[in-house]
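Since the structure comes first, as structure tokens, the remarks are kept for the end.
Reminder, nothing fancy here: chain letters follow the sequence lines and each chain counts from 1.
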Amino acid sequence: MPELPEVEAVRRHLVAAVEGRRIESVRVLRADYIRYTAFPLAELSGCELRTINRHGKRLFWPFVPQGCMVSHLGMSGRVTLRSSGDPSLAHTHLIIAIAGGIYLHFSDPRRFGGVWLYESEVDAAAAHVYRKMGVDALSLREEDLTVWSRKATSLKAELLSQKTVAGLGNIYVDEALWMARLHPMQKVRRITRESRGRLVACIGQVLRASLRHGGTTFRDYRDAKANRGGFGQRLAVYGKAGHPCQRCGAVLQSLVIAQRSTVICPKCQLRRNHGRNAN
DNA sequence: TTAGGCCTGCAC
DNA sequence: GTGCAGGCCTAA
């Protein structure tokens, strides 16, 4: 499932191919994949794609002279570059024709993802970043987590919520918490500053390592070239319940936290908030 | 804060 | 055939 490294890998590939190019036409094959439009999508024809930015798991596509598209891959979304405007992949919902004979195909079997269209980049950010998303996980610093001292949620729920840190999903939350030796059920307000610093470092390390390998392949993820990511076999805990912890050898344990499957090392990741409201 | 719904493919 | 996987939104 696409998380930050997968989305970033897609972004880099797309930018190299289509940045600065003109939109020739837009073809919607499935209307409800377009979640919001401030103006008809067809009016993007003739506009120039200025660049592609990313915040968390979302891509922002600002156009000149006007318009900004937001895309989210959801669980099973893919954006692929093709030389044909005919849908070759099942579940292709949107095709954007770009000058130079390039066609951007948006496909998404499960349709958890989608596309939004705003008048401007500011409008797009207002709807998708300012209200609900925290700092992007790749530029996270320890100071960004000081707000945790006033929050009652668990580490797992907090990191999945995108509210303070944007971009992590179930895979990388489990990986980063394991690397930082923190228990996912621990309350964020009880995390020491030192542990927060360690977590920030581990989040960066996990994401950058994944990015170097082109993301994680799990189920349907592919990058814009339809390649599979190579980070999958390097995962330490995700999907590895019952296997030995590569750090201490203890058997990795599976549990459900915040309605999400979670894998931890019961020996490395000890809860430190026992004795007070530690149910 | 938590549960449910969305949706499909795949493992069992 | 059943159930689970998951991000994110909405409702209770």
Nearest-angstrom distance from the residue atom [atom1] of [X] to [atom2] of [N]:
X: K57(A); N: dC9(C); atom1: NZ; atom2: P; value: 10 Å
X: Y172(A); N: dG7(C); atom1: OH; atom2: P; value: 12 Å
X: K187(A); N: dT1(B); atom1: NZ; atom2: C1'; value: 10 Å
X: Y238(A); N: dG6(C); atom1: OH; atom2: C1'; value: 7 Å
X: L160(A); N: dC9(C); atom1: CG; atom2: C1'; value: 15 Å
X: R35(A); N: dC7(B); atom1: CZ; atom2: P; value: 9 Å
X: D32(A); N: dC9(C); atom1: CG; atom2: P; value: 16 Å
X: F112(A); N: dC9(C); atom1: CZ; atom2: C1'; value: 11 Å

**Request:** Hey, can you tell me if F106(A) and W61(A) have their rings parallel, tilted or perpendicular (30° and 60° cut-offs)?
**Result:** tilted

**Prompt:** Taking 4.0 angstrom as the limit, do E48(A) and R50(A) come out as a salt bridge?
**Reply:** no

**Asked** Thinking salt bridges, do R111(A) and D108(A) make one under a 4.0 Å N-O criterion?
**Response** no

**Prompt:** Do other residues, nucleotides or ligands put more than 12 heavy atoms under 6.0 Å from K151(A) NZ?
**Reply:** yes

**Request:** Kindly check if the number of other-residue, nucleotide or ligand heavy atoms within 6.0 Å of CZ (R193(A)) is above 12?
**Result:** no

**Prompt:** Does anything in residues 254-263 of chain A reach DNA chain C, meaning a heavy atom under 4.0 Å, and if so which residues?
**Reply:** R260(A), S261(A)

**Item:** Closest non-hydrogen atom pair, V200(A) against L140(A)
**Value:** CG1-O, 3.5 Å

Please determine, for the side chain of [X], which listed nucleotide ([options]) has the closest atom?
X: K132(A); options: dG7(C), dC9(C), dG9(B); result: dC9(C)
X: H91(A); options: dC8(C), dG7(C), dT8(B); result: dT8(B)
X: R110(A); options: dC8(C), dC7(B), dG7(C); result: dC7(B)

**Asked** If you look at every strand shown and take non-hydrogen atoms under 4.0 Å, does R58(A) touch a base, only sugar-phosphate, or nothing?
**Response** sugar-phosphate

**Request:** Let me see the working for Y118(A) and Y36(A) under ring-ring contact (aromatic ring centres under 6.0 Å, His included), right down to the final yes or no.
**Result:** CA-CA 8 Å; Y118(A) 298 89; Y36(A) 171 83; 5.0 Å; yes

